[in-house]
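Scope of the values below: all heavy atoms of this structure, side chains included, with no hydrogens, waters or symmetry mates. Numbering of residues begins at 1 and proceeds along the displayed sequence.
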Amino acid sequence: MSTDIRPSLGLRPVINVSGTMTSLGASIVVPEAISAMASILPHFVEINDLQRKASGVIARLTGGEAGFVTASCSAGISLAVAGAITGDNLLAIEKLPDVVPEKNEVLVQMGHVVSYGAPVDQAIRLAGGKVVLVGQATSTHRFHMENAITDKTAAAVYVVSHHVVDYGLLNLKEFVEIAHAKGVPVIVDAASEYDLRIFLEQGADIALYSGHKFLGGPTSGIVAGRKELVRHAFLQNMGIGRGMKVGKESIFGVMAALEAWENRDHAGIRERETGYLNLWKRTLDGRPGLTALIEPDPTNNPLDRLRLIVDPEKAHITAWDLADALAKGSPPIIVRDHEVEHRYFYLDPCNLHPGEETIVAERLAQELDKARASNEIIATPIENRSRHRFDGALRWPD
């Protein structure tokens, strides 16, 4: 591990057991991408030509016909939707989002309208798309989608995420079948997904990935799929995509990360992560009020996480107070707490430097021992978290 620069910047040296979260920097960038970025930074290149080179690498890894690199997966949603609306009409591209072609409706299942730090539907609206919600939050049937498609439908967006409702909705194959029967292209938001090929193989016209999550590349998004639709999305760099552009280092860094992905020891990584999970489970098993379960990823990524269920009466602390104590301590441990009101949180092993798994175990034991020694149950109202969730952002900068 390289020298830790964070203390010199006045930043907390957090340990990430939350996962590939953008708010924490997403992932540990692989050495191949770091080297590639450093090697190209001193030189001038023709960006469009470099993007063509990236297209070849993206096509090979995803099975798509073409691809390009943009600022983020969220940017990819906006660009892909804009491309479906404007095609290669350069004047229409310049006028988005104020002046929009009549065919601008974009279908999304209601249970897929989630936030990844910003709302999915906002990324569509930024492109001039009119969001048409399909079905209800927990129920979408064929007739909902079939009757939502009109002559104004430009595209349909499908979201793959642990945030979406995971029951009662149309699966991707059925979603694609219904859309394609009426000539509607399907765009898949697969930001945090491990499998780079499955979504295009299941019929999606465009698949969107994060370049900086499981791939371990620089902050970026990858647009891959049918050549014509990819080209129409790429042309948006002359319009709304200008503010979503990437530099030479990001494009080349993503290329290197993709090529490193081909040679990565995925089985070895899973074995190491399993060791971390087992260590944490041993640390937690037998402690009053705690249930530690090793569970598979809900979107079928090939990895497991540890779910820690907390009974505050016996553990003397709530799940959210334990999560907060870990985050406030030294060193800070940031857990995956997006469902903490249900009295559990997750520990994700995919972004640890060697030795940090032991620190996590020690900090868990430390905070749990402290809670058990307390005469009263540590139980702040869960409403406090909601009330103060955005305090840090709202007072930025200090």
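Transitive grouping of hydrophobic side chains (ILVMFWY, heavy atoms separated by less than 4.5 Å) keeps L290 and I377 in distinct clusters. Linking ILVMFWY side-chain heavy atoms closer than 4.5 Å, directly or via other members, places V188 and V184 in a single hydrophobic cluster. Residues I222 and M244 do not share a hydrophobic cluster, defined by chaining ILVMFWY side chains whose heavy atoms lie under 4.5 Å apart. Clustering ILVMFWY residues whenever any of their side-chain heavy atoms sit less than 4.5 angstrom apart, transitively, puts V157 in a cluster other than the one holding F199.
Between L352 atom CG and R272 atom CZ the span is 9.0 Å, to the nearest 0.5 Å. Within the model, atoms CD1 of I15 and CD of E357 stand 9.5 Å from one another, a figure rounded to the nearest 0.5 Å. A distance of 7.0 Å separates OG of S72 from NE2 of H212, quoted to the nearest 0.5 Å. Taken from CH2 in W280 to CD1 in I294, the straight-line distance is 10.0 Å, to the nearest 0.5 Å. With rounding to the nearest 0.5 angstrom, the CD1 atom of I85 is 9.0 Å from the CD1 atom of I124. Note that CD of E201 is 7.0 Å distant from CG of D195, once rounded to the nearest 0.5 Å.
Across R305, H162, E295, a single residue satisfies side chain to side chain donor-acceptor pair (under 3.5 Å) together with Y346, and that is E295. Here the options are V108, V113, V106, L133, the test is side chain to side chain contact (heavy atoms under 4.5 Å, CB included), and the partner is D121; only V113 passes. Evaluated for a side chain to side chain donor-acceptor pair (under 3.5 Å) with T140, the options E174, H112, Q109 yield exactly one hit, Q109.
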* Asked: Does the side-chain hydrogen bond (donor to acceptor under 3.5 Å, both in side chains) test come out yes or no for N16 and S18, once each step is laid out?
  -> CA-CA 5 Å; N16 174 16; S18 182; 4.5 Å; no
* Derivation and outcome, side-chain contact (heavy atoms from CB on, under 4.5 Å), residues K182 and T153 -> CA-CA 10 Å; K182 297 193 177 184; T153 306; over 6 Å; no
* Yes or no on salt bridge (Lys or Arg N to Asp or Glu O under 4.0 Å) for R287 and D369, after CA distance, side-chain angles and deciding distance? -> CA-CA 9 Å; R287 286 179 171 269; D369 288 343; 2.8 Å; yes
* Trace of the side-chain contact (heavy atoms from CB on, under 4.5 Å) decision for V131 with R125 -> CA-CA 7 Å; V131 178; R125 289 185 281 109; 4.0 Å; yes
* Stepwise, does the side-chain hydrogen bond (donor to acceptor under 3.5 Å, both in side chains) test hold for S74 with Y116? -> CA-CA 9 Å; S74 178; Y116 43 73; 2.8 Å; yes
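Residues E193 and N301 have side chains in contact (heavy-atom distance under 4.5 Å, counting atoms from C-beta outward). Looking at I149 and I178, their side chains come closer than 4.5 Å, going by heavy atoms from C-beta outward. Using a 4.5 Å heavy-atom threshold, the side chains of D205 and H180 count as touching. Residues I187 and I77 fail the side-chain proximity criterion, which asks for heavy atoms closer than 4.5 Å. Annotation: side chain of R343 is not in contact with side chain of V310 (no heavy-atom distance under 4.5 Å). Side-chain atoms of V335 and L347, non-hydrogen and from C-beta on, do get closer than 4.5 Å to each other. With contacts defined as side-chain heavy-atom distances shorter than 4.5 Å, the pair T20/S210 does not qualify. The closest side-chain heavy-atom distance from V69 to Q51 is below 4.5 Å.
Side chain to side chain, S78 and Q236 fail the donor-acceptor criterion of an N or O pair below 3.5 Å.
S35 places no side-chain N or O within 3.5 Å of a backbone atom of E32 that could act as its donor or acceptor partner. At least one donor-acceptor pair closer than 3.5 Å links the side chain of H144 to the backbone N or O of H141. Counting only distance, with no hydrogens or angles, the side chain of Y158 and the backbone of V186 share no donor-acceptor pair below 3.5 Å. A side-chain donor-acceptor contact under 3.5 Å links N237 to the backbone of F234. Using modelled atom types, one side-chain atom of D189 and one backbone atom of A191 make a donor-acceptor pair closer than 3.5 Å.
Between R142 and E177 there is a salt bridge, since a side-chain N of the basic residue sits under 4.0 Å from a carboxylate O of the acidic one. Residues R363 and E367 are paired through a salt bridge, judged by an N-O separation under 4.0 Å between the basic side chain and the carboxylate.
A cation-pi contact links K248 to F44, judged by a cut-off of 6.0 Å to the six-membered ring centre and 45° from its axis.
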Please set out all donor-acceptor pairs under 3.5 angstrom arising from side-chain atoms of residues 89-104, sequence neighbours excluded.
from	atom 1	to	atom 2	distance (Å)
N89	OD1	L91	N	3.1
N89	OD1	A92	N	3.0
N104	ND2	G128	O	3.1

